[in-house]
Amino acid sequence: MSNDEQAESALGALDIETPSWGYGDSGTRFAVFQQPGRPRDVFERVQDAAEVHRLTGTAGAVALHFPWDAVDDPRELRRCLDEQGLRVGAVNPNLFQDPDYKLGSITHPHERVRAKAVEHLLECVRIASELGSTAQSLWFADGTNYLGQDDLAARRRRLLESLGEVYAALPEEQELLVEYKLFEPAFYATDLADWGSSLLVCQRLGDRARVLVDLGHHAQGTNIEQIVVLLGSEGRLGGFHFNNRKYADDDLIVGSVNPFELFLIFCELAAPGRALPRLTIDQAHNVEAKVEAMVLSVLNLQEAYAKALLVDRDALSAAQAEADVLGAHEVLLDAYRTDVRPLCARVRARLGAFEDPLAALRESRYAERMADTRGGTGAVAGGWGR
Ligand code: RM4
Ligand code: MN
Ligand code: MN
């Protein structure tokens with residue numbers, strides 16, 4: 001197979017999870033903006049996810065968030081996913097909205113609150129089993145705002161203890177993905193602030209605990225592609241939450257602010273001998289149309305991956321071996337400058353999707369049809385809008 005054929009076949013196998021919570025109402029710290037046609041429940045969120053997959057051919061799974069996506073009978077949700085031609089992605093517990101968690105969840109100073117948090121995590125393990133999901137994706141809002149507010153070492157002990165309980169209850173087919181975030185909502189000391197803090201926890205827990213990298217969760221200027229290499233070489237890179245940011249955890253469309261960084265990340269994710277980890281979009285589209293934003297996000301991921309697949313790895317290794325600093329750099333730039341849009345369009349068509357998914361979305365009038373059937377604005381349950 002030629003390099004191009006190889007790239008084409010790898011690109012066709014790209015598999016992105018879109019987030020149920022990215023379809024519902026969301027907002028800034030200041031307001032939640034309601035959009036006409038927004039899904040009113042998890043079944044309609046799944047319907048939107050299916051539309052994104054139909055258009056792009058590359059978004060075959062949907063990540064779920066509980067209790068936002070809670071239903072009386074999980075079998076009904078499983079059936080709905082099947083009917084829509086989607087798989088269930090990671091299950092994301094929610095330990096950041098209940099007033100009990102104001103001072104933390106699994107690190108909270110009070111035993112009662114920690115027990116409640118652990119019980120929710122265990123419930124999510126059960127839900128995942130019922131839905132056939134293979135991952136718990138954990139993000140904790142835990143941390144402190146003022147020095148002296150709580151004992152940092154004790155918080156670390158509580159965290160390990162609580163997660164130890166959850167890990168022990170995890171069935172074979174599920175893994176724990178442990179996300180970290182430097183800042184927000186705690187601003188003095190976040191309990192899992194960086195990849196190192198998460199990695200240490202994962203190493204204590206066991207092989208099925210791995211780190212999840214969210215692109216909005218680092219200090220400015222952090223070299224994410226190097227984190228991919230470090231975690232990858234320890235076998236601990238569990239997954240990615242894609243989005244883009246300018247300043248903080250902005251959750252903008254992936255690749256919209258810094259497409260070059262996204263390309264560099266994919267260069268490491270797709271390096272020879274590496275298997276792609278779980279790839280999920282984690283975004284909140286506050287001012288842009290949601291389905292359209294998700295489609296564009298998938299397209300940006302396809303293009304970044306395609307460019308990374310076109311890197312001439314032999315030429316790169318040769319230049320590196322000869323200490324040809326700018327020669328090696330040029331190999332990367334060559335791939336980055338390639339117009340991969342025709343390649344991506346070809347692959348999408350082969351997958352039974354659309355050469356131009358955004359045009360197809362507009363022509364189908366999906367947004368208008370949903371606004372008609374689902375109604376206009378007004379807060380709905382499940383998600384930030386509730
Ligand atoms: C957090 C984090 C989590 C996501 C929530 C909604 O900042 O990225 O992954 O579930 O936001
Ligand atoms: Mn995230
Ligand atoms: Mn985030």
Side-chain angles (χ1 to χ4, degrees), residues 16-29 32 42 45 49 61-70 88-98 101 104-106 117 120-121 124 127-128 133 135-143 175-187 190-195 197-198 201 210-220 222 224 227-228 231 237-254 256-257 262 265 277-286 290 293-294 297 301 381-386:
I16 305 291
E17 289 185 16
T18 69
S20 68
W21 61 97
Y23 297 103
D25 285 333
S26 61
T28 65
R29 287 164 58 179
V32 170
V42 61
R45 290 193 276 278
V62 56
L64 298 170
H65 219 297
F66 292 91
W68 290 343
D69 292 325
V88 62
V91 162
N92 292 248
N94 184 324
L95 292 171
F96 50 85
Q97 278 185 310
D98 190 310
Y101 301 138
S105 61
I106 56 168
H120 175 57
L121 292 172
C124 284
I127 292 175
S133 166
Q136 295 293 321
S137 193
L138 309 183
W139 172 71
F140 300 99
D142 294 40
E175 64 173 342
L176 269 197
L177 303 176
V178 185
E179 187 170 347
Y180 56 88
K181 180 173 177 177
L182 180 61
F183 56 93
E184 193 192 46
F187 290 107
T190 297
D191 290 306
L192 286 170
D194 52 28
W195 65 268
S197 318
S198 286
V201 168
R210 300 194 290 157
V211 181
L212 184 135
V213 179
D214 182 312
L215 293 183
H217 290 191
H218 305 85
Q220 288 285 347
T222 300
I224 316 268
I227 298 175
V228 171
L231 292 174
L237 180 62
F240 249 79
H241 272 181
F242 287 113
N243 49 58
N244 213 169
R245 61 96 171 264
K246 180 73 179 162
Y247 296 107
D249 190 19
D250 305 342
D251 282 340
L252 297 171
I253 292 173
V254 58
S256 60
V257 179
L262 186 62
I265 290 168
R278 184 180 292 260
L279 304 176
T280 307
I281 290 171
D282 181 8
Q283 294 174 182
H285 309 119
N286 300 329
K290 287 171 193 288
M294 205 62 86
S297 305
L301 290 169
W384 298 110
R386 75 193 185 141

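In what follows, residues are counted from 1 in the order of the sequence shown. Order of appearance sets the numbers: ligands from 1, and atoms from 1 within every ligand.
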CG (L192) and CG (L212) are apart, to the nearest 0.5 Å, by 12.0 Å
Within 4.0 Å of some non-hydrogen atom of H241, the atoms of ligand 1 are 9 (O)
Using a strict 4.0 Å cut-off to heavy atoms of K181, name the atoms of ligand 1 that fall inside it. 7 (O)
From the N, O or S atoms in D214, identify the one nearest to the Mn ion (ligand 2). OD2
Do D191 and F140 have side-chain heavy atoms sitting under 4.5 Å apart? no
Side chain, backbone, both or neither: the part of N94 lying under 4.0 Å from ligand 1 by heavy atom: neither
Confirm or rule out an N/O/S atom of E179, from backbone or side chain, lying less than 2.8 Å from the Mn ion (ligand 3). no
Mind checking whether D282 has an N or O less than 3.5 Å away from an N or O of ligand 1? yes
Using the side chain to side chain donor-acceptor pair (under 3.5 Å) rule, pick out the option among N92, D282, N94 that qualifies with W21. D282
So, of the N/O/S atoms that D282 has, which is the nearest one to the Mn ion (ligand 2)? OD2
In terms of atom number and element, which parts of ligand 1 are under 4.0 angstrom from non-hydrogen atoms of D214? 8 (O)
Once you restrict to heavy atoms under 4.0 Å, what part of H217 touches ligand 1? Side chain, backbone, both or neither. side chain
Heteroatom distance test (W21, ligand 1): nitrogen or oxygen, under 3.5 angstrom: no
Within the structure provided, determine whether M294 and P19 are in side-chain contact (heavy-atom separation under 4.5 Å). yes
Name of the D249 N, O or S atom nearest the Mn ion (ligand 3)? OD2
So, do H218 and Y180 have ring centers that fall under 6.0 Å from each other? yes
Please evaluate residues F96 and H65 with respect to the criterion ring-ring contact (aromatic ring centres under 6.0 Å, His included), reporting the C-alpha separation (whole Å), side-chain torsions for both, the decisive distance (0.1 Å), and the verdict. CA-CA 12 Å; F96 50 85; H65 219 297; 5.8 Å; yes
N/O of E179 under 3.5 Å from N/O of ligand 1, yes or no? yes
Below 4.5 Å, heavy atoms only, C-beta onward: do H217 and D249 meet side chain to side chain? yes
N243 side chain vs G216 backbone, donor-acceptor pair below 3.5 Å: yes
For ligand 1, which atoms, with element, lie under 4.0 Å from some heavy atom of D249? 7 (O)
Judged by atom type as modelled, is there a donor-acceptor pair below 3.5 Å linking the side chain of Q220 to the main-chain atoms of K246? yes
Residue-ligand contact H65/ligand 1, heavy atom below 4.0 Å: yes
Metal proximity, H241 vs the Mn ion (ligand 2), N/O/S cut-off 2.8 Å: yes
Is any side-chain heavy atom of V213 closer than 4.5 Å to a side-chain heavy atom of V228? no
